[in-house]
Amino acid sequence: MLAQRQENAMTEQGSNSGDFSIPRDLFTPEHDLYRATVRRFVENELVPHHDAWEKAGFVPREVWRKAGEVGLLCPSIPEEYGGFGGDWLYNVIVIEELWRHGMSGPGFMIHSDLCAPYILAWGSEEVKQRYLPKMVTGEVIGALGMTEPGAGSDLKAIRTRAVRDGDDYVIDGQKVYISNGQTCDIVVTACKTDPAGGARGVSLIVVPTETPGFERGRNLEKIGLKAQDTSELFFEGVRVPAGNLLGGEGRGFAMMMTKLAQERLAQAVRSVVVCEQAIRWTVDYTRERKAFGGTIADFQNTQFVLAGLAAETMSARIFTDWCVRRFLDGELTAVEAAKVKLIVTDLHCKVVDQCLQFFGGYGYMTEYPIGRAYVDARVTRIAGGAAEVMKQIIGRDLFGGEA
Ligand SMILES: Cc1cc2nc3c(=O)[nH]c(=O)nc-3n(C[C@H](O)[C@H](O)[C@H](O)COP(=O)(O)OP(=O)(O)OC[C@H]3O[C@@H](n4cnc5c(N)ncnc54)[C@H](O)[C@@H]3O)c2cc1C
């Protein structure tokens, strides 16, 4: 009886905050209302269509516009640029609700958390007015182009070149693995403005994809994230106004290092919610599935493995929420962001792997969410900075920058 009451209390607290394991004190009643709107949108407008988008390899544009209409895109963009000026917790809610429902297709996080923040922080007033309101409505889809065939982890080695010519920059080069690459209207593009300058030679320029000389390669075939379009991008004599430069010439690397912390935290937010959801799916499934005269959940092994994962997930949740709070207070460091990304994406891969095991053959079928979660997970230890790069950042900090 007592156990039942405790369980009910936990569930109530959990549902209040959108989490199954701990009461979370990050969110206000306004956030909870927003979460309900986002959840409704996800359940009605995304979940029924995701299978079809996985087959097509992308999410149609009209979905972006619908998402814009209900306020899911760039929620923390200030009112003067068309947003509703929410804090970053509104972005967190969108990420959590998408991934709680296994909606890995819509590249809203790339748009709202990876692309728009650069424009908001470093765009000229004209650039902000030109792009941000349309990013909020979904009329303009954003991408972030850093990685190249010859440079991913070592971003200062990029070779895409931007040469100043009068009032323009002329861009030549190539990018690869760019999320939203097939559908985007603008790419915040990392270029070399000074090839001899190393990290100080990198600049960021907003490139509209309608510009002559810009071409998209094929939609790359991935092992997971099947509904998310990912592309090579080609730039041949792409002429954009010099005013599209963000920050100043040579400041691109420093800007990327600042915003990468936000991207890494966003990845941790995404991963911890998948851990929680995978455990829920597995508890439900193993309770029902019969074997050897009982259920799979009756095996002590099942309970022990899930208990261990639940405990680790709870600590990941607490660490992630702590980092979110630090970010909101403007105090999250690059090292903390690297730590949370490292720990939580690692756990993400472990949880989906171990949970899938309990589904047996069904787990290997793509129609089961756990099977998709498994293939979708793997990229989290690579994109936005490989696990080893996170360790390098943490290691440098441990050894006072001398390692
Ligand atoms: C699905 C997907 C979506 C992506 N979306 C985007 C996007 O929207 N925009 C964008 O710009 N990029 C994107 N990327 C690229 C991603 O950020 C890079 O793949 C990632 O940074 C790693 O770069 P790389 O692939 O060139 O690997 P490399 O740099 O070649 O590294 C390969 C491996 O070497 C090891 N390694 C690298 N550096 C070190 C080190 N310092 N110490 C020890 N070991 C090391 C790691 O194991 C690493 O995984 C995406 C990638 C994928 C797969």
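We count ligands from 1, going down the list as the structure has it; atoms in each ligand are counted the same way.
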Sole residue of N180, N91, I95, V269 in side chain to side chain contact (heavy atoms under 4.5 Å, CB included) with M109: I95
Non-hydrogen atoms of V127 and G243 that approach each other most closely: CG2-O, 3.3 Å
Check: D168 and V240 side chains under 4.5 Å, non-hydrogen atoms: no
Amino acids in close contact with ligand 1, where any non-hydrogen atom sits under 4.0 angstrom away: L144, G145, M146, T147, G152, S153, Y177, I178, S179, K222, V379, I382, A383, G384, A386, E388, V389, Q392
E96 with R270: basic N within carboxylate O range, under 4.0 Å: no
Pair D284 + R280: basic N to acidic O under 4.0 Å: no
Any C355 side-chain heavy atom under 4.5 Å of W281 side chain: no
